[in-house]
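Let me begin by presenting the structure, written as structure tokens, before commenting on it.
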Amino acid sequence: MRLEHPADAAEALSESAFPDVRDRVHALASWVAEGVIGRDTVIQALFIALLTEGHVLLEGPPGLAKTRIAQRFAATVEGKFRRIQFTPDLLPGDLTGTEILEPGTHALIFRPGPVFCNVLLADEINRAPAKVQSALLEAMEERQVTAGDTTHKLAPPFIVLATQNPIEHDGTWDLPQAQFDRFMMRVPIGYPTLGHERAILDLTLGEAARTHPQTSPPLPMSAETLSAGRAAVAAVHLSDIVRDYVVRLVDGTRTGTGLRHDVATHLSHAVSPRGTIMLARASQARAWLMGRDHVLPEDIAALAPLVLGHRMGLSYRAEADGITTDSLVARLLETVDVV
């Protein structure tokens, strides 16, 4: 599987712009896709986040392979993978670690928690109270954990993949908006098509009967390879026209601009500047994966629903009118001109 169809030869990057790293990413994405049917958009989002130091929230009902996707993706990155099952009795120290008294010296020593890894799966993150959810904030933003008077750095790379069930509300807590804002993208995962579901059934039955060949992943990306990929993505050109387009899209969510009053009146709060930055960076990664050295408006349009939707807060009027954040993003894309 290729994450996207490559661009025309005229638009392709030169051989000096890390083509081997890009080929490695596509090979790893193809391996992930072998074990999760019909989830190309999700896989693309994960690798975009990895290449731009972002985090991803996977949202969908139970049984749609969210955990399987995360585990398979983690195998493509060299380093440690940890899974935390969020529950109502979880404590912040269960994630970040805690200071304990060493019997011999009577000194406080820090025991790192599972957050000290490279790929962290926060499973069913909305099943823990806000205090526990917020324990990840410092780690997600600053890549560090503070315990007492000491700050402990997390080894790069560090990416958080969180899952949540949007249809079940008993025993769950909504994520604080500050937590939402730390995720580069929120990716909805819906039910598979008829054809995909049959392929999923054949795959899982074959695995159970050991008739389906278990392929090993290609060589995982090392820290050096990933660093080269991130440098290539950061070098992708973002023209003034495209930058202005991104800024005007986000500005359209804010009351008082007069640009998109019909959108702003349905929001309790608008998209933050972090959303502007994340949309621009994600579009650079998408362009690079397609073999281009510059961002096009189509990159912005493809990623805007994933990057901007969860950063909007709906007003009571929006809920009464049946308005969703997806429809508001679509409205912005329809009405805000590129130039």
Under a 4.0 Å threshold between the charged nitrogen and the carboxylate oxygen, would [Y] count as salt-bridged to [X]?
X    : Y    : result
E138 : R182 : no
E298 : R292 : yes
D20  : R24  : no
R317 : D321 : yes

### Query
Can you check side-chain contact (heavy atoms from CB on, under 4.5 Å) on F73 and L50, steps first, answer last?
CA-CA 10 Å; F73 169 76; L50 181 65; 4.0 Å; yes
Short side-chain donor-acceptor distance under 3.5 Å, [Y] and [X]:
X    : Y    : result
R83  : Q85  : yes
E124 : Q164 : no
D326 : T324 : no

### Task
Could you walk me through whether V36 and I43 pass the side-chain contact (heavy atoms from CB on, under 4.5 Å) test, one step at a time?
CA-CA 9 Å; V36 284; I43 296 170; 3.9 Å; yes
Heavy-atom pair with the smallest gap, counting every atom of [X] and [Y]:
X    : Y    : answer
A75  : P220 : O-CG, 3.7 Å
P192 : E197 : CG-OE1, 3.6 Å
A178 : L137 : O-CD2, 3.9 Å
W173 : P88  : CH2-CB, 3.9 Å
T52  : A285 : CG2-CB, 3.8 Å
M312 : L332 : CE-CD1, 4.0 Å

Reported [atom1]-to-[atom2] distance for the pair [X] and [Y], which is rounded to 0.5 angstrom:
X    : Y    : atom1 : atom2 : value
L51  : Q284 : CG    : CD    : 11.0 Å
L175 : D181 : CG    : CG    : 11.5 Å
I277 : R281 : CD1   : CZ    : 9.0 Å
M184 : I48  : CE    : CD1   : 8.5 Å
L57  : Q179 : CG    : CD    : 9.0 Å
H266 : L328 : NE2   : CG    : 7.0 Å

### Query
Is there a path from L90 to L121 through hydrophobic residues (I, L, V, M, F, W, Y) whose side chains come within less than 4.5 Å of each other?
no
### Task
Could you state whether V339 and Y245 fall into the same hydrophobic cluster, counting links through intermediate Ile, Leu, Val, Met, Phe, Trp or Tyr residues with side-chain heavy atoms under 4.5 angstrom apart?
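They do share one cluster, since a chain of ILVMFWY contacts under 4.5 Å joins V339 to Y245.
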### Query
Taking it one step at a time, do F183 and L161 satisfy side-chain contact (heavy atoms from CB on, under 4.5 Å)?
CA-CA 9 Å; F183 287 102; L161 310 179; over 6 Å; no
Would you confirm whether [X], through its side chain, and [Y], through its main-chain N or O, come within 3.5 Å as a donor-acceptor pair?
X    : Y    : value
T151 : A147 : no
N118 : K80  : yes
S327 : I323 : no
R127 : N165 : no
R82  : A122 : no
S227 : A223 : no
D94  : L91  : yes
T276 : V247 : no
R311 : V307 : yes
T204 : I200 : yes

### Message
Taking the six-membered ring of F180 as reference, does the cationic atom of R186 (NZ for Lys, CZ for Arg) lie under 6.0 Å from its centre and within 45° of its axis?
### Response
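Output yes; distance and angle both within limits.
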### Query
Under 6.0 Å from the six-membered ring centre of W31 and within 45° of its axis: does the NZ or CZ of R72 meet both?
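Cation-pi check for R72 and W31: passes.
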pair [X]-[Y]: side-chain heavy atoms closer than 4.5 Å:
X    : Y    : answer
S283 : V295 : yes
P156 : R143 : no
E141 : R274 : yes
Y191 : P61  : yes
Q177 : H269 : yes
V42  : D40  : no
L303 : R286 : yes
H55  : F158 : yes

Could you check whether atom [atom1] of [X] has more than 12 heavy atoms from other residues, nucleotides or ligands sitting under 6.0 Å from it?
X    : atom1 : value
R198 : CZ    : no
D89  : CG    : yes
L194 : CG    : no
L205 : CG    : yes
R68  : CZ    : yes

### Ring centre gap for F110 and F116 strictly below 6.0 Å
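That pair passes the under 6.0 Å test.
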#### Entry: L95: which of L120, V145, I84 passes side-chain contact (heavy atoms from CB on, under 4.5 Å)
I84
### Query
side-chain contact (heavy atoms from CB on, under 4.5 Å) with T253: which of L308, T325, L267?
L267
### Task
Show the numbers, then the answer: is there a side-chain contact (heavy atoms from CB on, under 4.5 Å) between I69 and R39?
CA-CA 9 Å; I69 292 170; R39 301 301 181 190; 4.0 Å; yes
